[in-house]
Amino acid sequence: MAEPGVCAKDQSGRQWASYHRRVMQTDAPRPASRREVRGLQASVLFLGAGFPIVTGFSVGNVGQAISLFLLLPAMRRLSQKDVLTLVVVVLGICVSPLLLTARGTGSPNWLQIAFFCLAALHVALAIRLAPHVDARSALRTPINLAAIFLAGTATFQYVTEPIPYYDFYYQDKSHAAVTAYGLAFLVMWANNGVSRFALAGAVYAASLLTASRLVALGAPLFLLAALLEYRRTRRLAMDPGRIYLHHLVLWSLPVVLVYVARSAISKTLGARLQSFQDDSLAAHIELIRLAFELKLADVGILFFGVGPGGFASGLRDQGISLFFLGSRDPGAIQALRGDFAPIHSANASVLVEFPLWVALAFMVLWLGVLRRLWRQREWNILLMCLGLLLVTTFYSSHNEFFYWAFLSVACLAAYHVPVEPKDRKSKDRPPVGTGSDQPRPRQQASLRSR
């Protein structure tokens with residue numbers, strides 16, 4: 001019954017307001033704080049700065065450290081299950097080199113171990129922050145700044161240094177190629193205007209300056225993403241000016257392709273593409289085959305791995321023959337005789353270097369991200385992820401900061417689903433005749449028409 005002197009409609013409104021207030025104070029997702037948003041922005045702001053400070057440590061790693069420091073308050077968002085999973089993964093990373101260390105054939109690479117532990121924490125925080133932040137708008141400015149900086153650095157090096165391959169002052173030209181490749185996708189994803197195609201095209205053109213075969217391998221996915229983004233924004237363009245600009249972008253594409261095809265860098269890239277059947281490619285495939293042979297050679301290695309960077313030590317421990325590799329790439333034999341030699345495949349490296357449960361968690365993470373991106377129709381980020389998985393199959397980038405920055409952005413896009421309020425006791429449910437029990441506007445109109 002209504003209170004004396006208060007009509008039933010006013011009392012119902014007060015009950016609904018009280019219920020809504022309790023919901024907002026308890027179960028509604030709290031927006032990310034300014035510091036947490038700054039932490040996410042720092043993770044992508046330094047994508048264009050891969051300049052090495054010392055061997056194995058670049059300016060981008062400084063950005064990674066700043067990002068994690070700013071994201072520390074977000075650890076309160078981790079559930080008990082999240083913490084348990086993170087502890088299991090971190091312990092797996094730490095114990096991975098102990099098998100070869102106990103046998104006296106290897107030693108832990110603590111810098112690499114610390115890097116992967118921090119990368120796992122960064123991805124976990126990104127997943128939990130995803131429902132609380134609009135990543136597309138929050139990361140728009142740092143993504144554009146990183147893209148402009150990378151394109152400017154590439155242009156400066158191209159103008160001042162007439163060399164066959166350009167690395168944009170990264171530690172390796174392949175690092176620069178993969179970074180520019182992924183950043184071109186992010187530019188199209190974060191922006192809505194027609195100008196984003198110019199910036200994304202400039203960044204992708206910069207990746208071609210590296211003359212890396214990896215970029216050519218992922219070119220079809222980038223072209224598909226560009227066409228899908230063009231179709232999306234062209235449908236939203238209403239005024240004649242924007243429609244004209246979209247037509248201009250579409251018709252300028254053949255001109256750009258002809259110019260790139262006639263450029264000197266295209267000839268260099270073409271020569272490298274023709275060498276896909278050469279000894280270098282055969283050596284890369286042989287390294288991947290050796291990685292799987294090593295993983296299955298011993299029960300201990302199958303379960304615990306060989307530790308980050310322990311591929312060469314594992315081959316020596318098992319006495320695996322390198323005859324075919326030596327006949328294809330003698331330089332690889334010299335590298336394997338040292339303390340650190342990459343497998344030249346990010347996916348194979350995770351499988352071999354880390355314990356079985358860490359490798360499974362890595363695969364489950366990627367599959368979950370891809371599935372969620374597909375269900376949410378985030379085609380641009382989905383194609384970026386597929387492109388990164390494709391190109392890093394023949395390149396070890398899992399131990400670089402940009403790989404985990406791209407994966408964190410993919411997690412932000414994939415897990416950006418508002419948290420629904422949990423089921424409540426009967427006293428916390430909306431009053432009868434309010435909220436979901438009230439007829440919707442269309443239902444009211446239908447009732448009035450009767």
Side-chain angles (χ1 to χ4, degrees), residues 39-48 50 58 60-61 63-65 67-68 71 74 78 82 85-86 89-90 92-93 112 115-131 133 135-136 138-139 142-143 146 174-175 177-187 189-190 214 218 221 225 308 345-351 353-354 358-374 376 378-393 395-416:
L40 295 175
Q41 292 173 338
S43 64
V44 297
L45 180 62
F46 290 83
L47 277 175
S58 66
N61 294 115
Q64 183 186 26
S67 174
L68 279 172
L71 288 175
L78 299 177
D82 297 333
T85 303
L86 190 60
V89 170
V90 168
I93 296 172
Q112 289 282 320
F115 172 84
F116 286 115
C117 291
L118 294 177
L121 175 61
H122 193 278
V123 171
L125 294 178
I127 291 175
R128 285 295 161 249
L129 278 172
V133 62
R136 192 189 300 267
L139 301 181
I143 286 175
S174 295
H175 296 348
V178 177
T179 302
Y181 177 76
L183 193 55
F185 285 90
L186 293 186
V187 169
W189 170 73
L214 300 174
L221 293 173
S345 173
N347 302 322
S349 297
V350 172
L351 178 64
E353 294 177 350
F354 298 104
V358 176
L360 290 176
F362 179 78
M363 290 187 288
V364 169
L365 172 64
W366 266 115
L367 290 175
V369 168
L370 295 176
R371 182 177 62 87
R372 285 174 173 269
L373 290 173
W374 174 272
Q376 297 188 37
E378 284 282 2
W379 306 125
N380 196 306
I381 300 297
L382 176 62
L383 291 171
M384 182 197 75
C385 292
L386 294 176
L388 289 176
L389 287 172
L390 177 63
V391 300
T392 56
T393 299
Y395 176 63
S396 295
S397 62
H398 66 296
N399 55 357
E400 295 294 330
F401 73 96
F402 60 82
Y403 182 90
W404 298 98
F406 288 136
L407 181 55
S408 297
V409 174
C411 291
L412 288 172
Y415 289 87
H416 184 61

For the pair [X] (side chain) and [Y] (backbone), establish whether a donor and an acceptor sit closer than 3.5 Å, ignoring hydrogens and angles.
| X | Y | result |
| --- | --- | --- |
| His416 | Val133 | yes |
| Ser67 | Leu40 | no |
| Gln376 | Ala414 | yes |

Could you pull out the closest heavy-atom pair between [X] and [Y], with the gap in Å?
| X | Y | answer |
| --- | --- | --- |
| His122 | Ser43 | NE2-CB, 3.6 Å |
| Leu78 | Ala124 | CD2-O, 4.0 Å |
| Pro142 | Ala138 | CD-O, 3.8 Å |
| Phe406 | Val178 | CE1-O, 4.0 Å |
| Tyr415 | Gly368 | OH-C, 4.5 Å |
| Glu353 | Pro308 | OE1-CA, 3.6 Å |

Between atom [atom1] of [X] and atom [atom2] of [Y], what is the distance when rounded to the nearest 0.5 Å?
| X | Y | atom1 | atom2 | answer |
| --- | --- | --- | --- | --- |
| Leu47 | Ile143 | CG | CD1 | 8.0 Å |
| Thr179 | Tyr403 | OG1 | OH | 13.0 Å |
| Leu118 | Trp404 | CG | CH2 | 11.5 Å |
| Tyr181 | Leu221 | OH | CG | 4.5 Å |
| Ile381 | Cys411 | CD1 | SG | 11.0 Å |
| Leu125 | Ser408 | CG | OG | 9.0 Å |

Any side-chain heavy atom of [X] sitting closer than 4.5 Å to one from [Y]?
| X | Y | result |
| --- | --- | --- |
| Gln64 | Phe46 | no |
| Leu412 | Leu139 | yes |
| Leu351 | Phe362 | no |
| Leu388 | Phe185 | no |
| Thr392 | His398 | no |
| Phe402 | Leu183 | no |

* Are side-chain N/O atoms of Thr85 and Asp82 paired as donor and acceptor at under 3.5 Å? ->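 Asp82 and Thr85 do not have a side-chain donor-acceptor pair below 3.5 Å.
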
* Can you list the steps and then say if Phe354 with Phe116 is a ring pair (Phe, Tyr, Trp, His ring centres under 6.0 Å)? -> CA-CA 10 Å; Phe354 298 104; Phe116 286 115; 5.0 Å; yes

